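Lettering follows sequence order; numbering is per chain, from 1. Computed from a prediction, not measured in an experiment: that's the story for all the values here.
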Amino acid sequence: MTEWTEFARCQILRPHHLLSVTPSAPIRMSQVRVRFAPSPTGFFHIGSARTALFNWLYARHTGGKFILRIEDTDQARNSEEFLRLIYDSLTWLGLDWDEGPEPSGSGDRGSCGPYRQSQRGAIYEEYKRKLLDAGRAYEKDGAIWFRLLGERYEAYDDHRKKTVTKVRNEKVVIDDRIRGRVERVEDEDFVIFRSDGNPVFHFVNVVDDITMQVTHIIRGEDHLSNTSKHVLLYAGFGAQPPAFAHIPLILKSPEMGQGKMSKRDQGALVEEYRQRHFLPEALVNYLALLGWNPGDDREKMPIAEIIRLFDLPGVNQSNARFDAKKLANMNMTYLLELPPDRFVALAQDYLRAHPAGAAARAQPGYFREVMLLAQPKIKGIEELPAYTAYFFTEDYAVDAKVKDKVMAKGEPKARLGELLAALPTLDFASDAAIEEGIKQLAAGRGLGFGDYQAVTRLAVTGTNAGPSLTAILRVLGAPRVQARLERFLAGA
RNA sequence: GCCCCUAUCGUCUAGCGGCUAGGACAGGAGAUUCUCAUUCUUCAAACCGGGGUUCGAUUCCCCGUGGGGGCACCA
């Protein structure tokens, strides 16, 4: 019996954990199992989100399992807050995991747990033992090193400025599903347990992927150089390595500078989009297009379609630059198509989180009407407060520039006076009725609707941009319109 | 310094030996709607360089160059 088949079920491997979890059906060897393995040491990065997304898409495309593993071995930098953020961000994006910790903190889902590395110490000890017993690891300076096979020699390392022991070693061949055949020489023993007793990333990563039966490792290209170490570790354990797929990195946009996107870059954090009330489906759609395409010209696609079309060979090999404008455009197109109920709920949520005076306290029916007037006009939710301010207060600002421009043309004050006088006879029942009324008023003087439009809009909204004037008048209602016109005329 | 990956409009990309090199975002100019936004039309915009292979290279190979990543008792 090889090690590999021994690992066929996590239950066999780790019988003592069977006590705390419900045994699941045996894992079919043919089933795709992918994992996303973030460490809770910082905010949730857009690059991490895309790595999670590609893994999730592949799992959903193949009918496999998406595993969430928390790499929290760095006690110094871990925080429960960041862990929470991982759960919340994935959930917000709609990337549900089949196995992994329960966000509630009440145990795990899946039978290959625990899924937090901080709880897997016993497993790492067990695997360290295997290597030690097999002579593939040794102790030096209090740390445990993985032993490479081959002839040793001394060499000066120019980067580290010291002499190191090298090993003459065969090239490690990585058959990458995205990059093809990649060869790399690993020619130094490396630490797998630090002298403080803690295992290092390479070790826990491989042990976890073996014990969690991961079949495909989809991760950022920054890990490509690590992969030779990982392949060697797999061999050291007598395990067959999974398929690797290294996806391109997300780089800063040209305005942001050079290099890969870092957490300090504007727009790099998923949290930011959540706070700005971007639509998660828009962000997901945009992210999917960064490094992948469906093979034709389509860009806006429902998630089911992305799942259907997504596959590893379709992933690009070169890095992609982040484009905030394209994301914003994607978000707008999703916003325009959002069902009214969802838009109103989103608006409510946003205005509650971003105090906008009376808007949050408005009557639900009135609030809804105003928001639905704004929906087809705005490019992002954050425009909402300014765009709808005058609906919720009589103390709205008047744009001086717009005023200068509008008042300079024709006889705006006369038009306003005429409209004010006609107001009592104007039918506010519908947009069409209001339009008809103003047109009649205009026609009587040989004028058109346009002669009243700009100045009336200025008077009742203080600006020149907004929903159709007739809709504004109708929603505001005759009394408020009258008050605003009177006040404006008095001030002008 | 060494190792690995990579290279089509400003950006995301299509192209898988023969194309007027296509689409999208952003930008310019128009049109439409009562303003604005949307929408529509339209313009400008790219095969990094040099060698090969081939009847023919954006496409295949090599070398440069550019870009990116990695070289820890970080993950």
Side-chain angles (χ1 to χ4, degrees), chain A residues 37-39 41-42 71-74 76-78 117 140-145 155-161 174 176 178-180 182-188 190-202 204-205 220-228 246 248-251 253-255 258-260 286 289-300 316-330 332-333 336 374-379 383 387 402 406 431 435 438-439 448-458 461 463-472:
Chain A
S39 53
T41 55
E71 306 219 331
D72 55 351
T73 53
D74 187 346
R77 293 194 296 148
N78 286 333
Q117 289 184 336
K140 191 180 88 180
D141 305 331
I144 307 294
W145 297 68
Y156 182 76
D157 184 294
D158 208 35
H159 184 69
R160 281 172 289 177
K161 307 293 179 202
I174 302 153
D176 196 279
I178 293 170
R179 276 144 220 290
V182 177
E183 295 180 349
R184 225 184 90 86
V185 177
E186 205 58 58
D187 62 356
E188 274 180 49
F190 53 90
V191 170
I192 53 175
F193 271 76
R194 289 191 287 268
S195 50
D196 66 4
N198 287 314
V200 306
F201 163 74
H202 303 297
V204 293
N205 202 261
E221 198 218 74
D222 48 342
H223 285 291
L224 189 52
S225 316
N226 291 329
T227 305
S228 42
H246 287 93
L249 267 24
I250 300 178
L251 269 33
S253 65
E255 313 85 67
Q258 299 273 293
K260 69 171 170 175
Y286 173 73
L289 257 20
L290 222 47
W292 173 84
N293 68 78
D296 55 36
D297 285 343
R298 275 178 303 165
E299 296 201 328
K300 184 166 182 290
N316 285 97
Q317 307 180 54
S318 55
N319 296 337
R321 285 178 186 279
F322 181 77
D323 185 348
K325 291 210 178 115
K326 186 144 185 169
L327 205 205
N329 177 270
M330 182 68 78
M332 181 193 73
T333 63
L336 286 173
Q375 181 181 10
K377 307 288 227 163
I378 59 171
K379 295 179 135 181
E383 290 179 12
Y387 199 83
V402 173
V406 171
D431 291 4
E435 185 173 349
I438 295 178
K439 276 183 174 165
F449 184 91
D451 292 295
Y452 293 84
Q453 194 275 134
V455 69
T456 306
R457 176 184 298 279
L458 175 68
T461 72
T463 180
N464 66 341
S468 87
L469 178 65
T470 51
I472 293 171

Checking side chain to side chain donor-acceptor pair (under 3.5 Å) for the pair A/T461/A/T463: CA distance, chi angles, key distance, verdict?
CA-CA 5 Å; A/T461 72; A/T463 180; 5.4 Å; no

Considering every strand shown, what is the Watson-Crick or G-U wobble mate of B/C16 when both distances are under 3.5 Å?
none

If the C1' atom of B/A44 is compared with that of B/G28, how far apart are they to the nearest Å?
7 Å

Stepwise salt bridge (Lys or Arg N to Asp or Glu O under 4.0 Å) test for A/K326 and A/D323:
CA-CA 6 Å; A/K326 186 144 185 169; A/D323 185 348; over 6 Å; no

Using atom P in both nucleotides, what's the gap between B/C5 and B/C63 to the nearest angstrom?
12 Å

Check every strand shown and say whether A/G291 touches a base, only sugar-phosphate, or nothing at a heavy-atom separation below 4.0 Å.
sugar-phosphate

Please give the distance between the C1' atoms of B/G69 and B/U58 as a whole number of Å.
26 Å

Between B/C48 and B/C9, how many Å separate the two P atoms, rounded to a whole number?
7 Å

Which is it for A/E255 and A/K325 under the salt bridge (Lys or Arg N to Asp or Glu O under 4.0 Å) test, yes or no, and what are the steps along the way?
CA-CA 12 Å; A/E255 313 85 67; A/K325 291 210 178 115; 6.0 Å; no

Heavy-atom protein contacts under 4.0 Å, nucleotides 28-47 of chain B, coded B base, S sugar-phosphate only, - none:
------BBBBS---------

Applying the 3.5 Å cut-off to both distances, the Watson-Crick or G-U partner of B/G66 turns out to be B/U6

B/A26 versus B/G66 - spacing of their C1' atoms, nearest Å
24 Å

Just name whichever nucleotide pairs with B/A24, Watson-Crick or G-U, keeping both distances under 3.5 Å, else none.
B/U11

Per-nucleotide protein contact string for nucleotides 57-75 of chain B (B base, S sugar-phosphate only, - none; heavy atom under 4.0 Å):
----------SBBSBSBSB

For B/A14, does either OP1 or OP2 sit under 4.0 Å from a side-chain N or O belonging to A/N293?
yes

What is the nucleic acid contact for A/E299, judged by heavy atoms within less than 4.0 Å: base, sugar-phosphate only, or nothing?
base

Please give the distance between the P atoms of B/G10 and B/C71 as a whole number of Å.
33 Å

If pairing means Watson-Crick or G-U wobble with both distances under 3.5 Å, then the partner of B/A31 is B/U39

With a 4.0 Å cut-off on heavy atoms, is A/E183 in touch with a base, just the backbone sugar-phosphate, or nothing at all?
sugar-phosphate

